[in-house]
Enquirer: 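Following this message is one structure expressed as structure tokens.
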Amino acid sequence: RVDKKPPPPPPVVLLLLLCCCCCVNTNKKMEYKALSANEFESCRELLNAFYGTKHFLNCCSFANCEETAEEFTELYRNHPKALESCIIALDTRANNVVCGCIRLFIDEIPRSKADDFLHVPEKDECYVGTVCVSERARGKGVGTRLLEEAETFARKYQKTRLGLEVLNGNPAERLYRRFGFEPVEE
């Protein structure tokens, strides 16, 4: 006997309309900044470890997302402006280990070929491609602060919308809704 599994629920598309106010979180244990060459390897390792976990609930195989060090750095070396679109959280108590990362996409900054499967942002939109926080940093405000940094980045480029997609059942959906994202019809 073969039982058919029901199809997975469709992803929820969440959208945040940006207003003029901004929240400030002063977590002294973490430093939040744009990615630099010094953190390439640590950030790539965090992302690749994250892509292989249950916390990465996506519509595609995580195997399509893993990048070699060369593939990961190629975009950033060829397009230095892309560095600021990857914001990292460094744990200053643990030799500045990357413990969180948010990858953002806007139409003005090129994307890597590995990101071709992601949503292409509209002119007024900053799209959150990935939010990832290491196991040991979860529940400490790192995800919220990364979203605040994304909001700041979007405003810098005069974007009025911050968008992302999340599958139903992903634990991060609670964070996104708390931050102010609301489901939209696509």
Side-chain angles (χ1 to χ4, degrees), residues 11-16 18 30-53 55-91 97-122 124-135 137-138 142-157 159 161-167 170-173 175-176 179 181:
V12 175
V13 177
L14 300 175
L15 182 67
L16 174 67
L18 300 177
M30 299 289 173
E31 177 185 347
Y32 297 85
K33 65 179 207 131
L35 180 66
S36 72
N38 294 337
E39 298 93 17
F40 280 167
E41 186 58 23
S42 181
C43 186
R44 186 190 68 81
E45 286 174 5
L46 173 69
L47 286 165
N48 280 344
F50 173 70
Y51 291 148
T53 70
H55 297 286
F56 181 70
L57 302 175
N58 207 331
C59 305
C60 66
S61 165
F62 76 87
N64 295 331
C65 303
E66 289 190 72
E67 297 171 296
T68 65
E70 186 177 312
E71 290 167 332
F72 182 80
T73 59
E74 183 179 348
L75 170 72
Y76 299 108
R77 289 200 202 292
N78 293 338
H79 305 282
K81 193 175 181 183
L83 286 168
E84 66 183 278
S85 68
C86 184
I87 301 164
I88 58 173
L90 294 174
D91 188 340
V97 171
V98 176
C99 62
C101 166
I102 189 165
R103 295 178 74 196
L104 307 167
F105 300 99
I106 58 174
D107 61 341
E108 295 92 339
I109 296 178
R111 299 167 12 151
S112 73
K113 289 180 182 161
D115 297 319
D116 283 348
F117 70 94
L118 293 172
H119 167 78
V120 176
E122 310 262 334
D124 67 339
E125 177 187 18
C126 176
Y127 180 73
V128 178
T130 304
V131 179
C132 119
V133 177
S134 70
E135 195 81 35
R138 289 193 190 123
V142 174
T144 299
R145 179 63 192 273
L146 288 169
L147 289 170
E148 289 170 357
E149 294 290 333
E151 205 173 4
T152 301
F153 175 86
R155 282 196 182 92
K156 176 181 176 181
Y157 285 95
K159 304 302 176 189
R161 298 182 305 146
L162 191 59
L164 59 82
E165 292 179 51
V166 61
L167 289 178
N170 186 323
E173 187 175 352
L175 164 68
Y176 303 143
F179 192 77
F181 283 94

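The basis for the numbers below is simple: all heavy atoms, side chains too, and nothing from hydrogens, waters or symmetry mates.
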Enquirer: Please list, chain by chain and in numerical order, all residues satisfying side chain to side chain contact (heavy atoms under 4.5 Å, CB included) with Ser134, sequence neighbours excluded.
Expert: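 Partners of Ser134 by the side chain to side chain contact (heavy atoms under 4.5 Å, CB included) criterion, ordered by chain and then number, come out as Leu46, Cys99, Arg136, Ala137.
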
Enquirer: Compare every heavy atom of Leu146 with every heavy atom of Ala89, then report the nearest pair and how far apart it is.
Expert: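 That closest heavy-atom pairing would be N-CD2, 4.3 Å.
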
Enquirer: Within this structure, what is the CD-NE2 distance for the pair Glu165 and His119, rounded to the nearest 0.5 Å?
Expert: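 With rounding to 0.5 Å, CD (Glu165) is 7.0 Å from NE2 (His119).
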
Enquirer: Would you compute the distance between atom CD1 of Ile87 and atom OH of Tyr32 and round it to the nearest 0.5 angstrom?
Expert: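 Separation between the atoms: 11.5 Å.
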
Enquirer: Just how far is it from atom CD1 of Ile102 to atom CD of Glu151, taken to the nearest 0.5 Å?
Expert: 10.5 Å

Enquirer: Looking at residues at least two apart in the chain, or sitting in another chain, which of them share a side chain to side chain donor-acceptor pair (under 3.5 Å) with Glu122?
Expert: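 In terms of side chain to side chain donor-acceptor pair (under 3.5 Å), with neighbours along the sequence ignored, Glu122 is linked to no residue.
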
Enquirer: Check for a donor-acceptor pair, side chain of Arg138 on one end and backbone N or O of Val133 on the other, with a separation under 3.5 Å.
Expert: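 Here the side-chain-to-backbone pair exists.
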
Enquirer: Does Asn38 have any side chain to side chain donor-acceptor pair (under 3.5 Å) partners at least two apart in sequence or in another chain, and if so, which?
Expert: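 Result, side chain to side chain donor-acceptor pair (under 3.5 Å) vs Asn38: none returned.
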
Enquirer: Are Leu104 and Tyr127 close enough, and set up right, to give a side chain to side chain contact (heavy atoms under 4.5 Å, CB included), and what steps lead you there?
Expert: CA-CA 6 Å; Leu104 307 167; Tyr127 180 73; over 6 Å; no

Enquirer: What is the distance from atom CZ of Phe105 to atom CD of Glu125, rounded to the nearest 0.5 Å?
Expert: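 Reported value, rounded in 0.5 Å steps: 11.5 Å.
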
Enquirer: Quick check: does any side chain N or O of Thr152 sit under 3.5 Å from a backbone N or O of Glu148, one acting as donor and the other as acceptor?
Expert: yes

Enquirer: Test of understanding: with side chain to side chain contact (heavy atoms under 4.5 Å, CB included), list the residues that count as partners of Ile106, not counting sequence neighbours.
Expert: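 With neighbours one apart ignored, the set is Glu108, Ile109, Cys126, Phe153, Tyr157, Lys159.
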
Enquirer: Using the side chain to side chain contact (heavy atoms under 4.5 Å, CB included) rule, pick out the option among Leu162, Val166, Leu175 that qualifies with Phe181.
Expert: Leu162

Enquirer: Does Leu90 have any side chain to side chain contact (heavy atoms under 4.5 Å, CB included) partners at least two apart in sequence or in another chain, and if so, which?
Expert: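 Leu90 satisfies side chain to side chain contact (heavy atoms under 4.5 Å, CB included) with Glu31, Lys33, Glu39, Ile88, Asn96, Val98 once adjacent residues are dropped.
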
Enquirer: Using side chain to side chain contact (heavy atoms under 4.5 Å, CB included) as the criterion, list what pairs up with Lys156, not counting sequence neighbours.
Expert: Glu84

